[in-house]
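Everything on this sheet refers to the single structure shown next.
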Amino acid sequence: MGEAIRVMFARIADRYDLGNTVLSFGVHWLWKWQLVRLCDPQPHLRWLDCATGTGDIAFLAARATGTPQTIVGIDFCAPMLERARRRAQAKQMPIQFQQADVLQLPFSDNTFDRATIAFGIRNVDDPPKALKEMARVVRPGGIVGILEFGQPSGLIAPLYRWYSRWLLPRIGGWISGDRRAYEYLQHSAWHFPSGSEFLKLMDTSQAFAHSEARPLFGGIAFLYRGIVQ
Ligand SMILES: C[S@@+](CC[C@H](N)C(=O)[O-])C[C@H]1O[C@@H](n2cnc3c(N)ncnc32)[C@H](O)[C@@H]1O
């Protein structure tokens, strides 16, 4: 499964950023910024962004802290990381991008003050293990922040269901040339635990002294924050 995901992201890496912006009408930037704010950014924080992709969260964290040299981004897909490195060069931000699996992070315990993952946790084979691994490399009292899709309720639900099931894979397919990748991405979003169900998953990792969830846009996405114990 992990290998299939890695290959899928390698196929769509070139058009991934454009796809995100078009498909979310730019809203993904707002949500990503909210994730960074939720992690209480301050200068010199040692910050690990997992499943960083092309580096959006790492760049926002660098901007929010003002210290890009203490930000590290990891991803297991080389073509996504290549784009992240090119962007870092263009922005002249000395962020370190490294190829690694979030299920087996190549860092000692307590290396970081913050760890984040945006739209990545639902793609890993073993989410509680990934959360545990992220918490392991963060010092006690540090923050693990997560942004992930949910399932909206109320009036917005039928409209969003139609958009994400029917329109999103088609538009994603036109942009990337890989409709199946976008079918998978929306399907996994509809079936991944969100809200209180995800908090239970955080509990099973036994890594957090406290955890909380915040819905975005009626539950289309959620922000989660765990304080490492
Ligand atoms: C939907 S993208 C999100 C990228 C970025 N965080 C963003 O929000 O734009 C998911 C990323 O997770 C990465 N990924 C999935 N499983 C992973 C794992 N086990 N270890 C590291 N990266 C992983 C993929 O390669 C892909 O770049």
Side-chain angles (χ1 to χ4, degrees), residues 1-24 26-36 38-39 47-62 71-88 95-107 114-134 136-137 144-150 164 168-169 172 175-176 178 180-190 192 205 216 220-224:
M1 173 75 175
E3 178 60 10
I5 295 287
R6 197 182 58 73
V7 169
M8 182 190 82
F9 279 106
R11 279 201 314 266
I12 62 173
D14 280 349
R15 308 308 292 275
Y16 177 77
D17 290 330
L18 178 65
N20 271 354
T21 298
V22 171
L23 292 167
S24 75
V27 169
H28 75 113
W29 281 115
L30 176 68
W31 292 345
K32 286 172 176 172
W33 184 242
Q34 284 178 283
L35 171 65
V36 169
L38 190 70
C39 293
W47 190 311
L48 175 69
D49 183 42
C50 297
T52 195
T54 62
D56 283 357
I57 300 293
F59 295 120
L60 292 175
I71 315 285
V72 177
I74 68 103
D75 200 287
F76 71 177
C77 177
M80 294 288 267
L81 283 174
E82 267 167 41
R83 290 186 66 80
R85 290 191 188 110
R86 278 206 298 274
R87 290 174 77 193
I95 297 172
Q96 193 190 319
F97 287 107
Q98 203 172 319
Q99 190 166 9
D101 193 322
V102 67
L103 294 171
Q104 212 173 354
L105 291 168
F107 306 106
R114 304 284 184 268
T116 44
I117 186 164
F119 304 119
I121 194 73
R122 80 177 191 280
N123 297 135
V124 305
D125 282 346
D126 187 342
K129 187 172 176 200
L131 292 169
K132 201 172 183 144
E133 193 54 0
M134 288 171 73
R136 177 186 69 75
V137 301
V144 171
I146 300 131
L147 169 62
E148 191 49 89
F149 283 113
S164 71
L168 186 149
I175 293 172
S176 67
D178 192 336
R180 286 186 61 190
Y182 284 85
E183 279 168 354
Y184 160 78
L185 289 170
Q186 76 81 21
H187 186 265
S188 59
W190 274 101
F192 193 68
S205 74
L216 298 168
I220 290 179
F222 278 82
L223 290 170
Y224 305 96

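Numbering of ligands and ligand atoms starts at 1, following listing order.
Not counting sequence neighbours, the partners of Phe119 by the ring-ring contact (aromatic ring centres under 6.0 Å, His included) test are Phe149. Residues meeting the side chain to side chain donor-acceptor pair (under 3.5 Å) test with Gln98, sequence neighbours left out: Gln96. With sequence neighbours excluded, no residue forms a salt bridge (charged side-chain N to carboxylate O under 4.0 Å, His left out) with Asp101.
The backbone N or O of Glu148 lies less than 3.5 Å from no partner atom in the side chain of Arg122, so there is not a single donor-acceptor pair.
In this structure, Glu3 pairs ionically with Arg6, as a charged nitrogen and a carboxylate oxygen lie closer than 4.0 Å.
Each of Arg87, Glu82, Arg83 was evaluated against Thr54; a single residue qualifies, Arg87, per the side chain to side chain donor-acceptor pair (under 3.5 Å) test.
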Show me a pair-per-line table, with atom names and distances to 0.1 Å, of protein N or O atoms that are under 3.5 Å from an N or O of ligand 1.
from: ligand 1; atom 1: 6 (N); to: Ala51; atom 2: O; distance (Å): 2.8
from: ligand 1; atom 1: 6 (N); to: Ala118; atom 2: O; distance (Å): 2.9
from: ligand 1; atom 1: 8 (O); to: Lys32; atom 2: NZ; distance (Å): 3.4
from: ligand 1; atom 1: 8 (O); to: Ala118; atom 2: O; distance (Å): 3.3
from: ligand 1; atom 1: 9 (O); to: Tyr16; atom 2: OH; distance (Å): 3.2
from: ligand 1; atom 1: 9 (O); to: Lys32; atom 2: NZ; distance (Å): 2.9
from: ligand 1; atom 1: 19 (N); to: Asp101; atom 2: OD1; distance (Å): 2.8
from: ligand 1; atom 1: 20 (N); to: Asp101; atom 2: OD1; distance (Å): 3.4
from: ligand 1; atom 1: 20 (N); to: Val102; atom 2: N; distance (Å): 3.0
from: ligand 1; atom 1: 22 (N); to: Phe76; atom 2: N; distance (Å): 3.2
from: ligand 1; atom 1: 25 (O); to: Asp75; atom 2: OD1; distance (Å): 2.6
from: ligand 1; atom 1: 27 (O); to: Asp75; atom 2: OD1; distance (Å): 3.4
from: ligand 1; atom 1: 27 (O); to: Asp75; atom 2: OD2; distance (Å): 2.7

